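The structure under discussion appears below in the form of structure tokens.
Computed over heavy atoms, backbone and side chain alike; hydrogens, waters and symmetry mates excluded. Everything numeric here is computed off the predicted structure, so don't read it as measured data.
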Amino acid sequence: MDSLRRGFANLRTLMDSHAAAPHSEQNNNLENPAADRGALTGASSSQQFLHVECQVTVAAATRVKIHVSTVDPYDVRKLCSTQIVKRSEDGEFRASICCSIDPKLQHHSRMEVRVYREDDLRSHSSRSCLGFTSFSIRDLLRSKEPRCSLKLRTMDGVDEVGDVTVSRLQLEEETEDKSAENKSAVLCDALHGSVQDKENSPMMRAALCSQVCKLYRFQTEDHRWLLVREQMSETPLSFSLPKQLLSALIREHTDRVEEVNALGDLSPHWDGLRHDAVAHSHQLIGCYQQTQAEIHRLSTASCFKASSSKSDRHLQFIPTNLHCQRMEVTDPGSSGVWYEVVTFGAPADHHQAFKHGGLKRLLSKHTDHTHSSAPFSRDELCRAKRLLAAASQLQPLIFGLAEQLLSVSMEVDPNRLQDVLDDLREQTSLFIQALNDDLVKVALQDMSSRTCSSTHLHSNGLLCEVSPGDQEGAPRPQDDKENREDEWDRTWVNIGKSLDCITDMVERLQERQRHLQEQQESTKSQHTTSPSSFSSSSSSWQEQLLPLVVTLRDCVREAVTTARAAMTFVVLQGAVAATVAQGPTQIVQRRHAVFSQGLSAIVCGFMLKLFGGLEDPEFLQQLLSVGILAQFEGLLSTYGEEVGMLEDMEVGVADLSSLAFAVTEAQSERPDDLQPTLTGAWGGFVVEVPLPSESFRSLPEELKAGRLIRVEPVLFNIGINQHQSLAERFGDSSLQERVNQQSCERLKAYCNKLREKLPNMAGIQSLSDLLSSLDRSMESKKRKNVEVLWLAASVCRKVNGVRLTSCKSAKDRTAMSVTLEQCSILREQHTLSQQQFSSALDNMRRCVCVCVCFHSQLFLI
């Protein structure tokens, strides 16, 4: 804690020094983004920068360091310096440095470049100056050439030890003056990336927070300058989406408990299954409610989970060290291009640890010791619930109308009798449409084929040795399936015939009543019908209708009993499949937690892709046609506990294939209204991403209508640390090979579908070469074959996919991978010079490590 306080004190001192002398010492190739716009300068003149390249040949040194200083008649002030530079293979030292020029020194000062020997890093006394050169700032600025070449000489001026190339850069004039008292605040805003432009729009603030920005300038092969803006951000989705997921899981299990409890009295075996499912759900509900309350308490103070908390029981649903690494590259004369990688600790349950392996192994063991669940889909379960609801609603209506028909028959009123009959026919027709479903036949067949060949001890202590078909109304296992189907079909035939018989009888009674009335009118009888005659006629109607109505009721009751038994079986099997069949609650919790970690990361990546592609019709059409590709890059070894992490990650990534996105219109541009929301249930979650009205109106009609965007996740893993060397030499890397091979097949299937749907898409033709190279690289079986990762990432970028990179904690290995990828992109896509590659890589890695350490310490305060 004392060291942390000293660090903050140093930061305050640095801020004060920037406010007092804004153009003092700067890091190599690194400028504050606010300084890029002159935010820290009070002058209105143009901002000048120098780029110094040194090539030194010194035989007596192995490490050197280059200093750039300003020299005036009264003072010598060091302006900036490089990191320690090692000798290259050809025996020379190469380095470059970028620094700003104070306008006050332009007319009378000189710049001096010195090269110091740095062989002994522990002692400053061994430092010696190997060479120097100097030049006039005025002469450089007045020169027509943008660069000049100088000779680096020894201190006595006799020998030449290298060359120095100095180039000048000039930014646009600043029109806004900053007061001195506001400079410190401006610096803090710049350090946290609070740039007032489209990257700080309400949409971006919904996905990103706590941004840290760095600005670099690198030279291309044709001696032009690249402006590179690197941004590392946290995201509020780290906590918001896990909280929504927990709420959805609690709601889902609560509804399931209500559904199975509403089934009424069941046979002992079925009641035991219900008790198992209810007990399983109640245990998960209690655990998730505690976790949700703790996450809600912690989310008020932070939206970031440090790697030191990855084993916290209440934070197992939160992704570890989740950041979005973004790089904007601006070429001369062109707009910026963004490259994004989401980094987070490998989605795994560190709280339960990996003593018995990860999810893949645990689920495999569970499957070997558990009876297979009923193969009923989510749609079939919904149909079963609708059938049960329809049976409960329509059966009383039919019975009530049947009783009313008998009552009306006592009145001997043909018109009223016809009205009741019409209602009875209508409700019976609805009953037949609702319950005469093929799902009932499938369930009856499945019930007939399932037997309890062994005893089963339920969670309520009941030991069952009976068949699931023992429920009343269910067919016996020994009965023939075809006979069961015939009986079910005959039930509906009997219902139809019973209703037809009632209709015929009513018509005969009505016809008889009409004849009776005609006879009475023809004889013009002077006396009315006697009461005894009316009573005899009404009782005759009821007596003739009663057996037909009883038959109809019996047929309806038989159909309801059979359908309810079959649909109860479907609902119970669905409940068991979603609870007990998933394994012990520890395995279910682990799977949900791993899914939650991957969910936050992939939603963050998708939102950034969507925001960046709103003006790209081809990208929006791709989302509609084939969905979005999510490429997870793993750097886990196949040795020790990281094998369990990889097994967790494999299952978690596979579960994300059931995820879908939908784009909605936000009610306003307030941050809360732009946050994504999670709907649906396990196995069918949908993330709704709201957009401001202006952006939403520009979308294709299919997206505005709620068309779902599917997700195609793939996982490629290559272990790169020393533990992977042990695994490849003495252990087993078959898990890694299997995961990569399966993902390669899914990646090729996605690309083939994309070529089929969008054959004219830009860059689509080059996919074949990349995929062929990926196949060859995987077949080569090389150790630590990182080429697989690079080729998979190239394919992902080519198809506008979401890139996600993980190692154990998303620190060292992840930082090395991301920075190497960024510099490789600069070299291959933006012609970064080979001489600048190593310097750019060193600077980016140094800054990334500093930022990660700062965020980790800040979270622990």
Identify the residue among K811, E234, K808 that makes a side chain to side chain contact (heavy atoms under 4.5 Å, CB included) with N321.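 Looking at K811, E234, K808, the match for N321 under the side chain to side chain contact (heavy atoms under 4.5 Å, CB included) is K811.
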
Answer whether the closest heavy-atom distance between the side chains of [X] and [Y] falls below 4.5 Å.
{"X": "T814", "Y": "Q325", "value": "no"}
{"X": "Q219", "Y": "R224", "value": "no"}
{"X": "S833", "Y": "F218", "value": "no"}
{"X": "M649", "Y": "V739", "value": "no"}
{"X": "W338", "Y": "L608", "value": "no"}
{"X": "T220", "Y": "H830", "value": "no"}
{"X": "V818", "Y": "M232", "value": "no"}
{"X": "L635", "Y": "N717", "value": "no"}

Considering non-hydrogen atoms only, spot the tightest contact between [X] and [Y] and give its length.
{"X": "G634", "Y": "L715", "value": "N-CD1, 4.2 Å"}
{"X": "L610", "Y": "F619", "value": "CA-CE2, 4.2 Å"}
{"X": "A810", "Y": "C807", "value": "N-SG, 3.3 Å"}
{"X": "A207", "Y": "T235", "value": "O-OG1, 2.7 Å"}
{"X": "S824", "Y": "F837", "value": "N-CE1, 3.8 Å"}
{"X": "L832", "Y": "A840", "value": "CD2-CB, 4.3 Å"}

Working for side-chain contact (heavy atoms from CB on, under 4.5 Å), residues I720 and M816: CA-CA 11 Å; I720 61 174; M816 298 301 103; 6.0 Å; no

Judged by atom type as modelled, is there a donor-acceptor pair below 3.5 Å linking the side chain of [X] to the main-chain atoms of [Y]?
{"X": "R755", "Y": "I764", "result": "no"}
{"X": "K214", "Y": "V228", "result": "no"}
{"X": "S839", "Y": "Q836", "result": "no"}
{"X": "N740", "Y": "S743", "result": "no"}
{"X": "S773", "Y": "D769", "result": "yes"}

D222 and T831: side chain to side chain donor-acceptor pair (under 3.5 Å), yes or no, with the steps? CA-CA 8 Å; D222 54 357; T831 65; 4.6 Å; no

I need the [X] [atom1] to [Y] [atom2] distance, nearest 0.5 Å.
{"X": "T805", "Y": "R813", "atom1": "OG1", "atom2": "CZ", "answer": "12.5 Å"}
{"X": "L791", "Y": "L774", "atom1": "CG", "atom2": "CG", "answer": "5.5 Å"}
{"X": "S725", "Y": "K784", "atom1": "OG", "atom2": "NZ", "answer": "2.5 Å"}
{"X": "E779", "Y": "D775", "atom1": "CD", "atom2": "CG", "answer": "6.0 Å"}
{"X": "H323", "Y": "C604", "atom1": "NE2", "atom2": "SG", "answer": "11.0 Å"}
{"X": "E787", "Y": "W790", "atom1": "CD", "atom2": "CH2", "answer": "11.0 Å"}

Which salt bridge (Lys or Arg N to Asp or Glu O under 4.0 Å) pairs, counting each pair once, include a residue from residues 604-622, with sequence neighbours left out?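 Qualifying pairs: none.
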
Contacts under 3.5 angstrom, residues 620-633 side chains, donor-acceptor by atom type, not counting sequence neighbours:
unit_1: Q621; atom_1: NE2; unit_2: S625; atom_2: OG; d: 3.4
unit_1: Q622; atom_1: OE1; unit_2: N800; atom_2: ND2; d: 3.0
unit_1: Q622; atom_1: NE2; unit_2: Y750; atom_2: OH; d: 3.1
unit_1: Q622; atom_1: NE2; unit_2: V799; atom_2: O; d: 2.6
unit_1: S625; atom_1: OG; unit_2: Q621; atom_2: O; d: 2.9
unit_1: Q631; atom_1: OE1; unit_2: R803; atom_2: NH1; d: 3.0
unit_1: E633; atom_1: OE1; unit_2: R803; atom_2: NH2; d: 3.2
unit_1: E633; atom_1: OE2; unit_2: S817; atom_2: OG; d: 2.8

Is any NZ, NE, NH1 or NH2 atom of the basic residue among K748 and E745 found under 4.0 Å from an Asp or Glu carboxylate oxygen of the other?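 Yes, charged N to carboxylate O under 4.0 Å.
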
side-chain contact (heavy atoms from CB on, under 4.5 Å) between V788 and Q736, worked out: CA-CA 12 Å; V788 171; Q736 175 176 281; over 6 Å; no

Stepwise, does the side-chain contact (heavy atoms from CB on, under 4.5 Å) test hold for V714 with V653? CA-CA 7 Å; V714 294; V653 171; over 6 Å; no

Begin from the C-alpha positions of Y339 and E821 and carry the test side-chain contact (heavy atoms from CB on, under 4.5 Å) through to its verdict. CA-CA 10 Å; Y339 300 92; E821 178 179 352; over 6 Å; no

So does K757 have more than 12 non-hydrogen atoms from other groups sitting under 6.0 Å from NZ?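 Open: at most 12 neighbouring heavy atoms sit under 6.0 Å from NZ of K757.
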
